[in-house]
A.B. asks: 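What follows is a structure written as structure tokens; I'll ask about it next.
Every chain is numbered from 1, with letters handed out A, B, ... down the list of sequences. Fair warning: this is a prediction, and the values are worked out from it, not measured in the lab.
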Number of protein chains: 2
Amino acid sequence: MHDERTMPEDDGGGEPQADRTAVEDSLASHLERQLEHLVLSGELAPGERLNEIHLAARFGTSRGPLREALRMLHAKGFVTTVRNRGMYVRAIGREEALEIYDVRAAIFGLAGRILTDKVTDDLLEHLYLALGEMDTLAAARDFDAYYRANLGFHEFLLTSTGNSSLVAQYHSLVDKLHLCRARSLVQAGGLSVSNREHREMVESLASGDKFRAQEAFFRHVERAKMRFGSTAG
Amino acid sequence: MHDERTMPEDDGGGEPQADRTAVEDSLASHLERQLEHLVLSGELAPGERLNEIHLAARFGTSRGPLREALRMLHAKGFVTTVRNRGMYVRAIGREEALEIYDVRAAIFGLAGRILTDKVTDDLLEHLYLALGEMDTLAAARDFDAYYRANLGFHEFLLTSTGNSSLVAQYHSLVDKLHLCRARSLVQAGGLSVSNREHREMVESLASGDKFRAQEAFFRHVERAKMRFGSTAG
DNA sequence: AGCATTCAAAGTGTCAACAGTTTTTGTTTC
DNA sequence: GAAACAAAAACTGTTGACACTTTGAATGCT
């Protein structure tokens with residue numbers, strides 16, 4: 001019964017246990033990641049009730065570690081708790097989503113501000129290259145590839161700040177926005193529009209004006225907020 | 001044995017169970033608050049090992065709820081975990097503290113930016129009143145009262161934005177800074193200095209220039225960061 | 001039929017015990 | 001005396017069981 005953890009019974013097409021080859025991590029942490037993925041992917045929808053017994057059975061564990069995992073998600077703000085009634089996937093409303101967009105904008109703006117003092121030729125070259133690629137993808141209407149490139153572009157900017165707290169906070173906020181039922185896949189809407197904003201961001205970095213950069217980065221997120229607000233209004 | 005929760009045995013001068021008259025909350029949540037308080041007050045020092053058995057005995061509960069509480073603190077970033085070895089109070093280093101100051105500055109700057117569009121006569125009057133009080137307290141060298149007034153001043157500014165996500169994020173960051181061993185009680189250092197910065201913040205709000213306000217708020221935290229960095233360097 | 005009541009089923013909250021790992025202690029050997 | 005090894009103590013990881021609460025359905029009454 002213990003060995004089921006490394007080699008769980010596959011009871012006729014079940015899909016628990018993603019890639020648990022290395023048992024370096026505690027079961028609770030593993031479950032947390034699994035659940036977080038299910039929540040963020042929408043497989044567990046916002047507002048949905050989280051039944052401990054069912055989930056424990058689904059992952060082939062007991063309720064103890066599962067509850068610990070749920071507590072972690074609770075602390076992260078992904079689920080809400082009602083005493084003696086259970087936990088529910090957090091459902092973020094329109095107003096709160098707009099609030100989060102603002103905080104995210106501020107943090108992204110900080111990224112721009114920090115980057116201004118860290119700009120190198122290599123960095124700029126990398127960024128201009130990425131802009132070119134994204135233009136190409138946008139022209140080819142390859143939404144999926146553009147989406148990935150866009151993600152990588154932002155990720156590169158964030159990590160280049162060297163501020164890991166900033167990166168973590170930013171990701172946390174982006175994740176929270178996934179808990180909004182009425183979230184719009186905004187990328188499909190403004191494609192080359194978005195890339196024009198990207199270019200303005202890079203150019204403001206190149207200019208060396210940290211206020212301009214901060215504002216460009218800030219507004220990039222604010223415009224995403226407005227696109228969200230108009231579609232989900 | 002269940003009743004020990006509402007009426008725990010006081011085994012000769014122990015000090016568990018703060019104010020658990022209303023059992024509205026789950027034991028785990030209650031423990032989390034207790035532990036968080038112990039951590040932030042420094043009674044459980046950064047780096048200290050957290051023994052589940054001892055802690056459970058101290059609070060008069062079993063390890064289950066205690067572990068859930070610790071998991072919440074883990075998710076919040078207050079403790080670190082080493083598999084099969086236990087959990088430790090997170091110890092934040094100088095570099096990470098400086099990073100956090102930057103993020104905090106960005107969020108506080110956002111508060112200033114938002115407030116600019118929400119300024120009313122009542123709000124300004126309240127702020128100028130608070131400035132006057134703090135000047136008085138600073139002149140009287142009443143550090144303790146100034147500290148409290150300062151806290152209330154910032155709290156009022158934050159909540160006046162109406163953005164509860166912003167407030168939550170800000171508090172989370174302030175709390176994390178308490179996990180830095182070498183944190184300086186910076187308030188004692190610059191007293192009227194600090195209040196001069198406060199006045200600049202309020203005046204920038206009154207001016208209606210949101211960029212100026214954002215920058216004033218931002219720099220207020222950045223200067224706190226610099227005071228921290230110079231004393232803890 | 002409609003509404004209140006009762007009772008069982010389902011689910012969460014908590015605990016005590018067991019399994020496996022890490023740390024400490026005690027002993028032996030050189 | 002110091003290093004290597006072995007046994008045990010301490011602790012974490014996980015589980016199954018029990019207590020209490022909520023939910024929902026069946027029953028009885030008007």
A.B. asks: When the distance from CD1 of B/I53 to P of C/dT23 is rounded to whole Å, what number comes out?
C.D. replies: 15 Å
A.B. asks: Considering just the side-chain nitrogens and oxygens of A/H54, establish if one lies under 4.0 Å of OP1 or OP2 belonging to C/dG11.
C.D. replies: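 Yes, within the criterion.
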A.B. asks: For a quick check of understanding: with a heavy-atom distance under 4.0 Å over all strands, which category does A/G64 fall into, base, sugar-phosphate or nothing?
C.D. replies: base
A.B. asks: Which heavy atom in A/E68 sits nearest to a heavy atom in A/A28, and how many Å separate them?
C.D. replies: OE1-CB, 3.6 Å
A.B. asks: Using whole Å, report how far NE2 of B/H30 lies from P of C/dG13.
C.D. replies: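 Checked: the NE2 to P distance equals 16 Å.
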A.B. asks: From the set C/dC15, D/dT12, C/dT12, return the single nucleotide nearest to any side-chain atom of B/N51.
C.D. replies: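 It is D/dT12.
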A.B. asks: Hey, is the side chain of B/R67 poking within less than 4.0 Å of OP1 or OP2 on D/dG13, counting only N and O atoms?
C.D. replies: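 Affirmative; the distance criterion is met.
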A.B. asks: Provide, to the nearest angstrom, the distance between the OH atom belonging to B/Y88 and the P atom belonging to C/dT22.
C.D. replies: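 It is 12 Å, rounded to the nearest whole Å.
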A.B. asks: Quick one about A/H74 and B/E32 (side-chain donor to acceptor, distance below 3.5 Å, no hydrogens or angles considered), yes or no?
C.D. replies: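 Side-chain D/A pair, B/E32 to A/H74: absent.
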A.B. asks: Whether the side chain of A/R49 and the base of C/dG11 hold a donor-acceptor pair under 3.5 Å is what I'd like checked.
C.D. replies: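 When only heavy-atom distances are counted, A/R49 does not reach the base of C/dG11 through any donor-acceptor pair under 3.5 Å.
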A.B. asks: To the nearest Å, give me how far apart CG (B/L66) and C1' (D/dC11) are.
C.D. replies: 13 Å
A.B. asks: Whole-Å distance between C/dT22 P and B/E52 CD?
C.D. replies: 15 Å
A.B. asks: Can you check the A/R63 CZ to C/dT14 P distance for me, whole Å?
C.D. replies: 11 Å
A.B. asks: Using the side chain to side chain donor-acceptor pair (under 3.5 Å) rule, take B/R67 and B/S62 through it: C-alpha gap first, then chi angles, then the decisive distance, then the call.
C.D. replies: CA-CA 9 Å; B/R67 279 176 64 92; B/S62 72; over 6 Å; no
A.B. asks: Would you kindly give the NE2-to-P distance between A/H74 and C/dT12, to the nearest whole Å?
C.D. replies: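 So the NE2-P distance, A/H74 to C/dT12, works out to 15 Å.
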A.B. asks: Rounded off to whole Å, could you give me the CD-to-P distance for the B/E68 and D/dG13 pair?
C.D. replies: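 One finds 14 Å between P of D/dG13 and CD of B/E68, rounded.
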A.B. asks: Indicate the atoms forming the closest heavy-atom contact of B/G229 with B/R94, along with that distance.
C.D. replies: O-NH1, 2.9 Å
A.B. asks: So, using side chain to side chain contact (heavy atoms under 4.5 Å, CB included) as the criterion, who are the partners of A/E48 when residues are at least two apart?
C.D. replies: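 With neighbours one apart ignored, the set is A/L44, A/A45, A/V89.
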A.B. asks: Return the set of residues passing side chain to side chain contact (heavy atoms under 4.5 Å, CB included) with A/A149 (not counting sequence neighbours), or none when no residue passes.
C.D. replies: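 Applying side chain to side chain contact (heavy atoms under 4.5 Å, CB included) to A/A149 gives A/M134, A/L137.
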A.B. asks: Any base atoms under 4.0 Å from A/P65, or only sugar-phosphate, or nothing? Heavy atoms, all strands.
C.D. replies: base
A.B. asks: Could you pull out the protein-nucleic contacts involving nucleotides 21-24 of chain D (nitrogen or oxygen on both sides, under 3.5 Å)?
C.D. replies:
residue, atom, partner, partner atom, Å
D/dT23, OP1, A/R85, NE, 3.1
D/dT23, OP1, A/R85, NH1, 2.7

A.B. asks: A/L27 and A/T61: which non-hydrogen atoms are nearest, and at how many Å?
C.D. replies: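 Shortest heavy-atom separation between A/L27 and A/T61 comes out as CD2-CG2, 3.6 Å.
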A.B. asks: Would you indicate what B/L50 reaches in the nucleic acid, counting non-hydrogen atoms under 4.0 angstrom: base, sugar-phosphate, or nothing?
C.D. replies: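 B/L50: backbone/sugar contact only, no base atoms under 4.0 Å.
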